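Just so we're clear, the structure is a prediction, and the values are computed from it rather than from any experiment.
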Amino acid sequence: MSANGGTKAIVAALLANVGIAITKFVAFLLTSSSSMLAEAVHSVADSGNQALLLLGGKRAKRAATPEHPFGYGRERYIYAFIVSIVLFSIGGLFALYEAYHKWSDPHGITEWQWVPIVVLVAAIMMESFSFRTAIKESNHVRGNQSWVRFIRRAKAPELPVVLLEDFGALVGLVFALFGVTMTLITGNGEWDAAGTAMIGVLLVAIAIVLALETKSLLLGEGAEASELAAIEHAVTDGPEVERIIHMKTLYLGPEELMVAAKIGVPAWESAHDLARGINAVEARIRAAVPTARVIYLEPDIYSVAAAEAGTGTAADTAVPQPAAERSGG
């Protein structure tokens with residue numbers, strides 16, 4: 001659901017931003033407003049970003065290869081990180097440069113004075129539709145999480161990216177409307193420059209947030225606490241496993257979680273019974289956490305002596321360290 005919802009939100013944002021970008025460029029050509037130019041470039045950057053997200057989603061569906069045995073799911077994170085760079089450089093830094101340029105040579109809006117107001121109001125309406133779509137699709141997967149936690153912890157990057165972009169676009173349009181309106185009222189182009197600067201600062205801040213959150217996904221995030229609890233319960237909720245010796249999880253992509261665990265099992269009479277027991281545990285894990293698609297379980301015999309030796313494995317295969325070595329002497 002998160003992938004389909006993300007695609008729907010991306011397409012809605014792309015269509016809105018293409019239309020908005022065209023109208024903003026027309027308004028800039030008629031009025032020479034720096035706020036309109038900054039917003040036009042912002043919309044172009046957002047359109048490119050949505051195209052990047054769609055490309056990343058498509059490339060992530062490629063089948064696994066010997067060179068990439070776990071597939072290409074993380075490619076969605078790479079493209080989301082590129083989006084943050086584009087938003088920072090093309091959107092934010094360009095707006096700050098244009099604000100500096102306009103402040104150095106301020107001039108009012110003397111022709112087609114009604115155009116920027118009409119364009120900005122229309123843009124706010126179109127952007128609100130895109131933002132509403134992103135919110136609606138996010139609510140399908142957000143659950144009871146706050147919006148901040150959803151953006152910070154979501155494994156699928158598309159919806160948080162579109163949410164932040166649409167939010168930034170709406171606030172940026174308000175800033176542009178403020179700068180243009182004050183310029184029309186006072187005839188002082190410095191208000192236009194101030195609105196442009198606020199847009200630039202806003203976009204840089206959003207780009208930094210996106211970069212930090214996407215970097216965490218690129219480095220590799222494990223399962224959430226609730227998912228870990230569900231997996232642990234699934235593993236031990238049966239006679240096949242006595243205890244979990246240690247376990248690690250890693251998201252290979254937004255919808256693919258890897259679970260690797262060393263488990264303490266009873267002394268089975270045959271390898272066939274052991275294999276059947278492990279298969280039952282894997283089935284319980286997948287039922288409890290559907291995203292757990294790659295599961296590696298290593299059976300072992302839990303050893304109290306190994307646990308007391310502090311070797312870290314607590315398994316019978318661990319070689320206990322001599323007391324002299326553990327004490328450093």
Where [X] and [Y] come nearest, the two heavy atoms and their spacing:
X    : Y    : answer
D166 : A13  : OD1-CB, 4.1 Å
I206 : L164 : CD1-O, 3.7 Å
A134 : L159 : O-CD2, 4.3 Å
V204 : L96  : CG2-CD1, 4.2 Å

Which pairs pass salt bridge (Lys or Arg N to Asp or Glu O under 4.0 Å) with one or both residues in residues 55-70, sequence neighbours excluded? R59-E75, R62-E75
Could you check if a side-chain atom of I20 sits within less than 4.5 angstrom of a side-chain atom of D46, using non-hydrogen atoms only? no
Flag the pair Q50 / V83 as yes when at least one side-chain heavy-atom distance between them is below 4.5 Å, and no otherwise.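 They are not in contact (no side-chain heavy atoms under 4.5 Å apart), so the answer is no.
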Taking atom types as modelled and ignoring hydrogens, do the side chains of N279 and R276 form a donor-acceptor contact shorter than 3.5 angstrom? no
Can a donor-acceptor pair be found between the side chains of E227 and Y251 at a distance below 3.5 Å?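 Side-chain D/A pair, E227 to Y251: present.
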Classify the angle between the aromatic ring planes of H68 and Y72 as parallel (below 30°), tilted (30 to 60°) or perpendicular (above 60°). tilted
Over 60° means perpendicular and under 30° means parallel, so tell me whether Y296 and F70 are parallel, tilted or perpendicular.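 Ring orientation of Y296 relative to F70: perpendicular.
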Just jot down the salt bridge (Lys or Arg N to Asp or Glu O under 4.0 Å) partners of R284, sequence neighbours excluded, or say none.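 Once residues adjacent in sequence are excluded, the partners of R284 under the salt bridge (Lys or Arg N to Asp or Glu O under 4.0 Å) criterion are E240.
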Please report the interatomic distance CD1(I82) to CG(L210), rounded to the nearest 0.5 Å. 13.5 Å
